[in-house]
Amino acid sequence: MTVLAIIGGSGFSELPALQAREARRVETPYGETSAPVARGRLGETEVLFLPRHGAGHRLPPHRVNYRANVWALRECGAERVVALAAVGGITERYGPAVLGVPDQVIDYTHGREHTFFTGDDHGVDHVDMTEPYCPSLRGELLGACARLGHAVVDGGTYAATQGPRLETTAEVARLERDGCDLVGMTGMPEAALARELGLCYATLAFVVNWAAGKGEGEITMAEIERNLEVCSGRIVEILTELAG
Ligand code: HPA
């Protein structure tokens, strides 16, 4: 079995189910990771865990050092990476509290350090992103959900927006016209960087609100926290099943 790493998103600054044995601060050529990389057990299996927003959720999406995080996970031996992602739901099948494993992504972010291939030390390469998420890990996630009897949406296009503000109604309407099903702020450049380092990367998304203009009225933190709470138990079960 290859080493599994989990990148925790909103609501997952910690993973209490992880029996952490050590947390290692990893030096990278790109600066500091969001937090030390924790190594521990999920069920019977050793996994790595890195909270994307740092301890106590202090880093907003545009200030996450994606390159350092992805680099450090590979440095620690990760071969498969599951990215947890709290998202807004755009299309009908991605309503609140729904879990999904997207199969496509559109990058609307800007100004982020988005490549290892800067033409300096690592030269230039153009990685293939026809399928941006690792098909085998997507299959493993879907299989884990099936064994547990947890409903999950297979596929969908993730819109990666800049944040930290939420979108306008018109922006979400545009994302929908573009073919997006769900929207989050951290899916890129993370997925592309993982591909550049040859890591098998997939996202487990969970819907914490209807995206702007898709539900009733404004999006509230209370609603987001409520849905997070509803999803978190299932997510830990899925990760444990996947690791096992
Ligand atoms: N938009 C962008 N990112 C998000 C949202 C949203 O509505 N909900 C959770 N993350």
Side-chain angles (χ1 to χ4, degrees), residues 6-15 34 50-54 56-66 69 82-112 114 132-133 152-153 155-193 201-236 238:
I6 297 158
I7 299 180
S10 294
F12 289 90
S13 294
E14 287 163 25
L15 194 59
S34 300
L50 178 57
R52 187 188 285 120
H53 299 286
H57 203 286
R58 74 199 149 79
L59 289 169
H62 62 290
R63 290 194 48 213
V64 171
N65 190 340
Y66 297 95
N69 288 352
V82 171
L84 299 182
V87 297
I90 298 175
T91 50
E92 205 53 45
R93 62 185 174 149
Y94 272 105
V98 165
L99 304 186
V101 182
D103 61 355
Q104 281 296 327
V105 60
I106 299 181
D107 188 1
Y108 298 92
T109 68
H110 48 87
R112 302 182 182 187
H114 64 285
Y133 300 109
V152 62
V153 180
T157 298
Y158 176 115
T161 56
Q162 178 73 352
R165 66 167 178 83
L166 294 163
E167 297 71 36
T168 66
T169 299
E171 285 168 339
V172 170
R174 174 173 77 134
L175 298 181
E176 189 166 20
R177 288 196 298 278
D178 282 356
C180 298
D181 297 284
L182 56 163
V183 53
M185 301 172 189
T186 56
M188 286 293 258
E190 201 171 81
L193 291 166
Y201 173 102
T203 291
L204 176 59
F206 49 102
V207 182
V208 292
N209 57 278
W210 276 119
K214 289 289 164 185
E216 312 249 302
E218 294 182 359
I219 299 163
T220 65
M221 275 316 288
E223 166 191 10
I224 289 178
E225 273 157 25
R226 205 170 45 245
N227 285 312
L228 241 168
E229 182 74 31
V230 172
C231 294
S232 63
R234 273 176 294 162
I235 290 167
V236 171
I238 292 163

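In each ligand, atom 1 is the first atom listed, and ligand 1 is the first ligand listed. Not measured: the values here are computed from a predicted model.
Sequence neighbours left out, the pairs with a member in residues 179-192 that pass salt bridge (Lys or Arg N to Asp or Glu O under 4.0 Å) are Arg52-Glu190, Arg93-Asp181.
Take Arg174 and apply the side-chain contact (heavy atoms from CB on, under 4.5 Å) test, not counting sequence neighbours, and it matches Tyr108, Arg177, Asp178.
The closest donor-acceptor contact from the side chain of Asn69 to the backbone of Ser34 lies under 3.5 Å. The closest donor-acceptor contact from the side chain of Glu229 to the backbone of Arg226 lies at 3.5 Å or more, if one exists at all. For the pair Glu223 (side chain) and Thr220 (backbone), a donor-acceptor distance under 3.5 Å is present.
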Could you list the donor-acceptor pairs under 3.5 angstrom formed by side chains in residues 96-107, with sequence neighbours left out?
from   : atom 1 : to     : atom 2 : distance (Å)
Asp103 : OD1    : Gly156 : N      : 3.1
Gln104 : NE2    : Thr130 : O      : 3.0
Asp107 : OD1    : Thr109 : N      : 2.9
Asp107 : OD1    : Thr109 : OG1    : 2.6

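Taking a heavy-atom cut-off of under 4.0 Å, ligand 1 is surrounded by Ala86, Val87, Gly88, Leu166, Glu167, Val183, Gly184, Met185, Val208, Asn209.
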